[in-house]
Amino acid sequence: MSQLNIKQAFVSHLIDNLPTGVTIDDVSFENKRFDPTGKALWLAAYYIPATSEMMGKSPTDSDEERGFYQVSVFIPTNIENGTYDNSLLQAIDEIKAAFSYNTELVYNEQVVNTLNTEINSGNYSESWYQRDLTINFLTFTNRG
């Protein structure tokens with residue numbers, strides 16, 4: 001169940017550290033029905049495993065798992081009040097602080113360490129302006 005525990009470590013940490021003004025109802029998790037209509041700011045969260053390296057050949061050895069957790073932040077396009085993407089960037093700052101370098105996330109004894117975060121330049125997605133915060137991670141899992 002290591003993949004489940006890794007994902008849940010991220011989900012629970014994000015829920016515990018939502019940006020100011022954002023509730024769990026403003027977060028689109030994978031495979032969750034979600035309608036952003038009328039929202040001033042909302043998040044989409046994705047768990048993306050990347051590599052799994054064996055650290056020995058016996059069934060009791062561990063595996064090194066790497067991947068990333070992406071949190072996309074959305075605001076409506078064409079904000080006319082002169083704030084542009086300020087609320088989006090504030091949310092990014094708060095999420096980035098919650099997942100800073102070497103933050104230890106734990107779920108069901110699975111320990112996940114954050115390695116770094118990356119932020120893209122932003123883009124338009126239908127009627128939304130979006131920036132993505134990518135959190136790279138490393139963890140060691142038991143095979144049993």
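Keep in mind the model is a prediction, meaning the values are calculated, not measured.
- Under the 3.5 Å distance criterion, the side-chain polar atoms of His13 are left unmatched by any main-chain donor or acceptor of Phe99.
- In summary, the side chains of Glu65 and Ser52 do present a donor paired with an acceptor at a separation below 3.5 Å, with no hydrogens or angles considered.
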Are Phe10 and Phe137 close enough, and set up right, to give a ring-ring contact (aromatic ring centres under 6.0 Å, His included), and what steps lead you there?
CA-CA 10 Å; Phe10 277 101; Phe137 72 84; 5.3 Å; yes
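- The aromatic rings of Trp42 and Phe74 lie parallel to each other, their planes meeting at an angle below 30°, with 60° marking the opposite boundary.
- No donor-acceptor contact under 3.5 angstrom links the side chains of Gln110 and Ser2, judged on distance only.
- Side-chain contact of Glu104 with Asn102: a donor-acceptor pair under 3.5 Å is absent, judged by distance alone.
- In plain terms, the two heavy atoms of Ile24 and Lys32 that are nearest each other are O-NZ, 3.3 Å.
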Take Asp132 and Gln130, measure what side-chain hydrogen bond (donor to acceptor under 3.5 Å, both in side chains) needs, and give me the verdict at the end.
CA-CA 7 Å; Asp132 307 310; Gln130 166 188 357; 2.7 Å; yes
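- Checking side-chain atoms of Arg131 against main-chain N and O of Ser121 turns up a donor-acceptor pair under 3.5 Å.
- If you run side-chain contact (heavy atoms from CB on, under 4.5 Å) between Lys39 and each of Val22, Ile75, Asp26, only Asp26 comes through.
- Atom CZ of Phe34 sits in a crowded spot, with more than 12 heavy atoms from other residues, nucleotides or ligands closer than 6.0 Å.
- A side-chain donor from one of Tyr47 and Gln3 sits under 3.5 Å from a side-chain acceptor of the other.
- Taking the six-membered ring where the residue is Trp, the centroids of Tyr124 and Tyr129 are separated by under 6.0 Å.
- Put simply, the side chain of Thr23 gets close to the backbone of Asp25: a donor and an acceptor are under 3.5 Å apart.
- Between Glu94 and Lys96 there is no salt bridge, since no side-chain nitrogen of the basic residue lies less than 4.0 Å from a carboxylate oxygen of the acidic one.
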